[in-house]
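The structure under discussion appears below in the form of structure tokens.
Labels below follow one simple rule: chain letters A, B, ... track the order of the sequence lines, proteins then strands, and each chain is numbered from 1.
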2 protein chains.
Amino acid sequence: MQIDGAQDWTHAFPLLRQLPNELFVQLRDASLIVELPEGSRIFGPGQAPDSFLLLLDGTIRVQQTSESGREIVLYRVQAGESCALTTACLLGYEDYQAEGIAETRIRAVAMPRALFDRLIASSREFRQFVFTAFSRRVTNLFRLIEEVAFQRIDVRLAQKLLELAVSRQHIAATHQDLANELGSAREVISRQLSEFARRGWLRVARGTVEIIDGSALTQLARHG
Amino acid sequence: MQIDGAQDWTHAFPLLRQLPNELFVQLRDASLIVELPEGSRIFGPGQAPDSFLLLLDGTIRVQQTSESGREIVLYRVQAGESCALTTACLLGYEDYQAEGIAETRIRAVAMPRALFDRLIASSREFRQFVFTAFSRRVTNLFRLIEEVAFQRIDVRLAQKLLELAVSRQHIAATHQDLANELGSAREVISRQLSEFARRGWLRVARGTVEIIDGSALTQLARHG
DNA sequence: AACGGTCTGTAACTAAGTCACCGAGCGGGC
DNA sequence: GCCCGCTCGGTGACTTAGTTACAGACCGTT
């Protein structure tokens with residue numbers, strides 16, 4: 001089965017194409033494509049989602065803010081992934097909330113709750129899809145807890161810089177941005193960056209970090 | 001529908017009694033009751049579960065250990081709850097692991113994976129049960145991350161002491177135990193306890209903490 | 001060129017974690 | 001009882017992380 005033109009968003013979710021024909025049609029027809037500008041708050045205090053989201057384009061940053069204003073990024077949802085975890089949580093058990101922010105302009109399929117339930121009920125493939133996404137997220141949350149609790153900040157910063165660099169050398173982020181990623185404080189990050197710069201591993205300029213010696217960072221990141 | 005005698009474990013899970021008769025019978029017949037002594041490792045490096053657990057009696061402690069040997073308790077599974085999160089994770093996406101330890105002698109229903117899948121597929125009630133458990137756990141993980149990242153250790157210790165006390169005054173735990181609960185270090189906990197004792201909030205003896213002024217602890221616990 | 005906002009640097013301080021060591025308490029074996 | 005060994009807790013010196021309170025640099029706008 002093929003769907004053509006503007007309607008065909010299903011290429012982004014190969015797994016869903018394995019659905020039985022009937023369900024596939026339901027999914028295509030009952031789902032809504034939503035677009036949101038960069039910076040939108042997708043969910044969080046005051047803005048609970050009423051549907052299950054499949055992200056087509058863009059990235060969603062899920063983060064938490066403390067009373068004192070410090071932030072930490074919990075995870076990101078990329079194109080081709082579902083917002084399973086947070087969505088299901090917010091749908092299922094209202095109580096406490098993380099915040100989902102569109103990091104870029106995003107396009108997503110919003111699946112009504114009833115359809116989500118029907119799909120879970122009727123498709124082994126869809127269940128697999130959802131549970132795999134869940135478990136990957138939870139795995140990462142476990143890792144995050146371990147890192148926040150036990151890992152040194154210089155190691156975590158090195159990891160994060162490498163993660164943000166991905167083959168580029170320039171990272172566009174303020175020290176505050178990096179602190180928010182790690183749940184640390186700006187001054188702490190500034191000091192660490194100065195130290196890295198002193199060792200010749202990188203250069204800092206207003207709003208950017210340029211990686212010079214990636215392998216040194218990699219070594220530190222692996223608990224060097 | 002009623003089941004009598006030794007077989008009837010379903011009273012612990014009222015929700016499951018709402019299942020359609022046919023499924024209920026399947027569940028009862030295909031599930032196995034397992035018993036494990038205190039201290040057993042239920043899952044973790046080297047011991048993955050092959051079934052979904054519903055806990056009838058006892059508590060399971062889910063924790064993580066760092067390279068350096070420091071530990072942190074992620075959550076506990078109590079009687080009447082499912083091990084949904086970790087189980088599903090370990091089943092779904094093998095990679096990283098927390099460790100599940102029987103804190104007491106435990107009795108649980110082990111549901112084969114195939115049955116779990118069948119129940120998810122066929123029962124709205126069961127889906128609700130599983131997803132609610134999931135979302136509650138994830139909510140708590142989010143809270144844990146926030147606390148580890150942003151909360152002062154004295155506040156966290158006060159919270160933990162109150163949680164462990166639950167209307168009793170005596171807590172049987174070594175300083176190391178308390179440190180493991182919070183993902184902190186023994187010396188840090190010892191110092192905090194000394195300080196609490198100095199203020200007359202509690203008394204410490206080898207292996208126990210006796211709470212004297214619960215309200216002072218409560219006040220601190222609420223970020224006093 | 002002046003201005004206001006954002007971003008970064010710095011110093012002094014507190015909190016948390018680490019390291020190394022010691023001694024107290026406790027239980028078992030004799 | 002007494003000794004031995006182990007667990008548990010206390011302590012001081014030190015490092016790392018986070019906080020507070022600034023000051024100054026940078027940048028786009030007017």
Quiz prompt | Exceeds 12 heavy-atom contacts within 6.0 angstrom, atom CZ of B:R203 | solution = no
Quiz item: Can you find a side chain N or O atom of B:S184 that sits less than 4.0 Å from OP1 or OP2 on C:dG17?
Solution: yes
Exercise. Could you please name the option among D:dG18, D:dC26, D:dG10 that lies closest to any side-chain atom of A:R206?
Key: D:dC26
Quiz item: What is the distance from CD of B:E187 to C1' of C:dC21, rounded to the nearest Å?
Solution: 11 Å
Quiz item: Taking CZ from B:R191 and C1' from C:dA15, how many angstroms apart are they, rounded to a whole number?
Solution: 10 Å
Self-check item: Nucleotide-level pairing of DNA chain C, given in dot-bracket where Watson-Crick and G-U pairs need both distances under 3.5 Å and | marks other strands
Solution: ||||||||||||||||||||||||||||||
Practice problem: Look only at the side chain of A:R156 and the backbone of A:L182, and say whether a donor-acceptor pair between them is shorter than 3.5 Å. | Solution: yes
Quiz prompt | Closest nucleotide among C:dT8, D:dG18, C:dA16 to the A:T174 side chain | solution = C:dT8
Quiz item: So what does A:Q192 touch, heavy atoms closer than 4.0 Å: a base, only the sugar-phosphate, or nothing?
Solution: sugar-phosphate
Quiz item: Would you say A:R70 reaches D:dT19's phosphate, i.e. side-chain N/O to OP1/OP2 under 4.0 Å?
Solution: yes
Quiz item: What about B:Q176: does its side chain form a donor-acceptor pair under 3.5 Å with the base of D:dC8?
Solution: no
Exercise. Using whole Å, report how far CG of B:L178 lies from P of D:dG10.
Key: 12 Å
Quiz item: Of the nucleotides C:dT8, D:dG9, D:dG18, which one has an atom closest to the side chain of A:A185?
Solution: D:dG18
Quiz item: Has B:R186 got a side-chain N or O lying under 4.0 Å from the OP1 or OP2 atom of C:dG17?
Solution: no
Quiz item: Nearest-Å distance, CD (A:E147) to C1' (D:dA17)?
Solution: 17 Å
Quiz prompt | Donor on one side chain, acceptor on other, B:R137 and B:N140, under 3.5 Å | solution = no
Quiz item: Hey, what's the ring geometry for A:F126 with A:F116, parallel, tilted or perpendicular (30° and 60° as the breaks)?
Solution: perpendicular
Exercise. Mark yes when over 12 heavy atoms from residues, nucleotides or ligands other than B:Q128 sit less than 6.0 Å from its CD; otherwise mark no.
Key: no
Practice problem: Could you check how far CG of B:L182 sits from C1' of C:dG17, rounded to whole Å? | Solution: 14 Å
Exercise. Look at the side chain of A:S194 and decide which nucleotide, out of C:dC26, C:dG17, C:dG9, has an atom nearest to it.
Key: C:dG9
Quiz prompt | Nucleotide D:dC26, atom P - distance to NE2 of A:H175 in whole Å | solution = 13 Å
Practice problem: Could you tell me the separation between the CZ atom of B:R152 and the P atom of D:dT20, rounded to a whole number of Å? | Solution: 10 Å
Quiz item: Is there a donor-acceptor pair under 3.5 Å between the side chain of B:E181 and the backbone N or O of B:I72?
Solution: no
Self-check item: Interatomic distance, A:I72 CD1 vs D:dA17 C1' [rounded to whole Å]
Solution: 14 Å
Self-check item: Donor on one side chain, acceptor on other, A:S190 and A:H175, under 3.5 Å
Solution: yes
Practice problem: Test A:I42 against every option in A:V77, A:I60, A:I101 by the side chain to side chain contact (heavy atoms under 4.5 Å, CB included) rule and name the one that passes. | Solution: A:I60
Practice problem: Can you figure out which of C:dT8, D:dA21, C:dA16 approaches the side chain of B:I153 most closely? | Solution: C:dA16
